[in-house]
Amino acid sequence: MGTTSARRWILHLDLDQFIAAVELLRHPELRGRPVVVGGSGDPTQPRTVAATATYEAREHGVHSGMPLRTALRRCPEAVFLPSDPPAYEAASARVMAVLRDFPVLVEVWGWDEAFLGATTDDPEALAAALQHAVRARTRLDCSIGIGDNKHQAKLASGFAKPAGIHRLTGDNWAETMNHRPTDALWGIGARTAKKLAALGLRTVAQLAAADPAELARHFGRTNGPWYRYLALGKGEAEVVTTPWIARGHSRETTFTYDLTDPAEVPRHITDLAERVTRDAADAGREIIRVSVKIRTTPFLTRTRQAKLPAPTTDPATVTRAALDLLGRHDLTRPIRLLGVAVEYTMPDP
DNA sequence: TCTGGGGTCCTAGGACCC
DNA sequence: TCTGGGGTCCTAGGACCC
């Protein structure tokens, strides 16, 4: 690349088809066949969606998020496997350990992603070495994006798939991104893209040239200007290596068939509240706020939440609060989903 | 395509207080 | 009291991401 002196780079590593890849390592005989992973692996079960699908399954129009029953219809010859989170957790930990053997800062970003901070005069060579080591020690492929910040590196790893390396910096941002729709940016989804389009802002270039004050009026004083910032290719550049401290935790269940007997609801809420409180205790955290979520037909979601008088780890206190909140919900419709969420007190910095 | 589960952050409106 | 204006907390919901 002609760069002669070392400078600081952000790399984004994204494991290719992570869940499917882990499953294929355990079931090598399925390589080359359409495989769909999700739920308990029973494609006749309603209200279960695919966590991932191999390229062979994608060729039949199957993709992650698709109901398994639809996937079965589109690809009857597919192999359906149950989701196995502990196995993915373990595989992820092995990959992160490989990364930490390099002279880089590592910020874990979910199971199959990490941001790396590195000072080097040849980021492509570093990326290739990382790919080689990950491949050698875990037999997993990854794509690596190189950027000046996390936003650029994240988009670059998308361009690098599969198993490639791509550099996206201020130098090639405009030529790479300007013509793309606004939801190509990391943080702008379908909803916001549609609202932006209604204002005549369809491309990244148009958003980059928009008036920040105008954006603030439509999207709020934080979000509006931030969207323009994203369109200019800017973003966070600090790699945080300290473990993430969760803000809260939740458990929810979608019932295979709607709950129609209101008498059953408190039992489920009690179960969920006790589980969430146990999880909090296991994590050594105190609960300060409780929230109860109900989704009814037709896919209408409502939440009720309340702050507790004092932080607690007591299951009975959390359950009582959840049942109180349940009493503030309308329970006349068939129930599709019940959930209990809690917010933790944050430790002093 | 009848639409999972687990997170994070932001916004708006009302209550409350001085 | 026919009143004002700001600050902060709380709650509900929206949007986004993996």
Side-chain angles (χ1 to χ4, degrees), chain A residues 12 14-15 17-19 37-40 43 45-53 60-75 82-83 85 88-89 92 108-115 150-151 154-155 157-158 182-183 185-196 216-227 230 236 244-258 272 275-276 279 283 288-309 325 328-329 334 336-344 346:
Chain A
H12 179 255
D14 199 337
L15 291 158
Q17 296 271 288
F18 174 60
I19 292 173
V37 183
S40 57
Q45 193 81 341
R47 299 180 179 176
T48 306
V49 302
T52 190
H60 294 260
V62 177
H63 54 79
S64 64
M66 173 178 282
L68 291 187
R69 295 208 292 187
T70 308
L72 178 62
R73 215 179 309 131
R74 294 200 176 186
C75 188
S83 174
Y88 314 142
E89 190 79 58
S92 175
V108 176
W109 202 268
W111 277 342
D112 58 346
E113 293 181 42
F115 286 103
K150 289 179 179 174
H151 181 210
K154 167 83 185 172
L155 296 185
S157 70
T182 55
D183 60 3
L185 300 169
W186 187 39
I188 294 186
R191 293 294 178 87
T192 304
K194 198 172 170 187
K195 283 192 211 164
L196 287 166
R217 279 201 292 112
H218 284 95
F219 299 95
R221 56 196 192 87
T222 303
N223 288 339
W226 182 61
Y227 295 153
L230 290 180
E236 179 65 52
W244 177 256
I245 298 171
R247 268 57 173 164
H249 178 62
S250 67
R251 293 276 186 178
E252 62 185 52
T253 309
T254 293
F255 301 100
T256 307
Y257 300 100
D258 286 344
L272 290 164
R275 279 179 73 187
V276 163
D279 295 337
I288 188 59
R289 175 182 299 279
V290 180
S291 165
V292 168
K293 173 163 143 184
I294 296 189
R295 178 173 292 152
T296 55
T297 48
F299 214 75
L300 196 72
T301 307
R302 289 280 176 270
T303 61
R304 290 289 177 271
Q305 56 174 285
K307 189 175 182 198
L308 299 176
L325 291 163
R328 293 173 43 203
H329 274 283
R336 179 189 175 93
L337 170 149
L338 289 173
V340 173
V342 297
E343 192 179 300
Y344 294 146
M346 289 302 285

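The structure presented is a predicted model; accordingly, all values stated were derived computationally and were not measured. Letters go in sequence order (proteins before strands), and every chain restarts at 1.
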Open item on the list: Could you check whether atom CD1 of Ile245(A) has more than 12 heavy atoms from other residues, nucleotides or ligands sitting under 6.0 Å from it?
Closed with: no

Task: Those residues that, when tested against Thr301(A), pass side chain to side chain donor-acceptor pair (under 3.5 Å) (two or more places apart) - done: Arg295(A)

Task: Along DNA chain B (nearest heavy atom to each residue), the more 5'-positioned of Phe299(A) and Arg221(A) - done: Phe299(A)

TODO: Write down the distance between NZ (Lys150(A)) and P (dT8(B)), rounded to a whole number of angstrom.
DONE: 15 Å

Open item on the list: Starting the side chain at C-beta, find the nucleotide from dT3(B), dG5(B), dT1(B) nearest to Leu337(A).
Closed with: dG5(B)

Task: Non-neighbouring partners of Arg275(A) that pass salt bridge (charged side-chain N to carboxylate O under 4.0 Å, His left out), sequence neighbours left out - done: none

Task: Partner residues of Asp112(A) under the salt bridge (charged side-chain N to carboxylate O under 4.0 Å, His left out) criterion, sequence neighbours left out - done: none

Open item on the list: Please give me every residue in residues 244-255 of chain A whose heavy atoms get under 4.0 Å of an atom in DNA chain B, ordered by residue number.
Closed with: Trp244(A), Ala246(A), Arg247(A), Gly248(A), His249(A), Ser250(A), Arg251(A), Glu252(A), Thr253(A), Thr254(A)

Task: Rounded distance in Å between the P positions of dC18(C) and dT3(B) - done: 23 Å

Task: Of Arg74(A) and Thr48(A), the one whose closest DNA chain B nucleotide lies more 5' - done: Arg74(A)

Open item on the list: Under 4.0 Å, heavy atoms only, any strand: does Thr222(A) hit a base, just the sugar-phosphate, or nothing?
Closed with: sugar-phosphate

TODO: Not counting sequence neighbours, which residues clear salt bridge (charged side-chain N to carboxylate O under 4.0 Å, His left out) with Arg47(A)? List them please.
DONE: Asp258(A)

Open item on the list: Checking Thr182(A) now: which residues fulfil side chain to side chain donor-acceptor pair (under 3.5 Å) with it, not counting sequence neighbours?
Closed with: none

Task: Nucleic acid footprint by protein, nucleotides 11-18 of chain C - heavy-atom cut-off 4.0 Å, B for base, S for sugar-phosphate alone - done: SBS-SSSS

Task: Integer-rounded Å distance: dT3(B) C1' and Met66(A) CE - done: 11 Å

Open item on the list: Using the rule given for side-chain contact (heavy atoms from CB on, under 4.5 Å), can you reason through Val290(A) versus Leu308(A), listing the C-alpha separation, both sets of side-chain angles and the distance that settles it, and then say yes or no?
Closed with: CA-CA 7 Å; Val290(A) 180; Leu308(A) 299 176; 4.1 Å; yes

Task: Nearest-Å distance for atom pair CZ/P, residues Arg47(A) and dT1(B) - done: 19 Å

- [ ] Take the protein atom CD1 of Ile19(A) and the nucleotide atom P of dG5(B), then report the distance between them rounded to whole Å.
- [x] 15 Å

Task: Side-chain N,O (Arg336(A)) to OP1/OP2 (dC2(B)) below 4.0 Å - done: no

- [ ] Write down the atom of His12(A), the atom of Ser157(A), and the distance for their closest heavy-atom approach.
- [x] ND1-OG, 2.7 Å

Open item on the list: Can you list everything that forms a side chain to side chain donor-acceptor pair (under 3.5 Å) with Arg289(A)? Sequence neighbours excluded, please.
Closed with: Gln305(A), Glu343(A)

Open item on the list: Rounded to whole Å, how long is the line connecting atom CG of Leu68(A) with atom C1' of dG5(B)?
Closed with: 14 Å

Open item on the list: Just the rounded figure in Å: distance from C1' of dT1(B) to NE2 of His63(A).
Closed with: 7 Å

TODO: Just jot down the side chain to side chain donor-acceptor pair (under 3.5 Å) partners of His249(A), sequence neighbours excluded, or say none.
DONE: Asp279(A)

- [ ] Please state whether the phosphate of dG5(B), meaning OP1 or OP2, lies under 4.0 angstrom from any side-chain nitrogen or oxygen of Arg295(A).
- [x] no

- [ ] State which residues pass ring pair (Phe, Tyr, Trp, His ring centres under 6.0 Å) with Trp111(A); sequence neighbours excluded, sorted by chain then number.
- [x] Tyr88(A)

Task: Set of salt bridge (charged side-chain N to carboxylate O under 4.0 Å, His left out) partners for Arg302(A), sequence neighbours left out - done: none

Open item on the list: If I take atom CG in residue Asp279(A) and atom C1' in nucleotide dG5(B), what distance separates them, rounded to the nearest angstrom?
Closed with: 13 Å

- [ ] Return one dot-bracket line describing DNA chain B 5' to 3' (Watson-Crick or G-U wobble pairs, both distances under 3.5 Å; ( ) same strand, [ ] crossing, | another strand, . none).
- [x] ....||||||||||||||

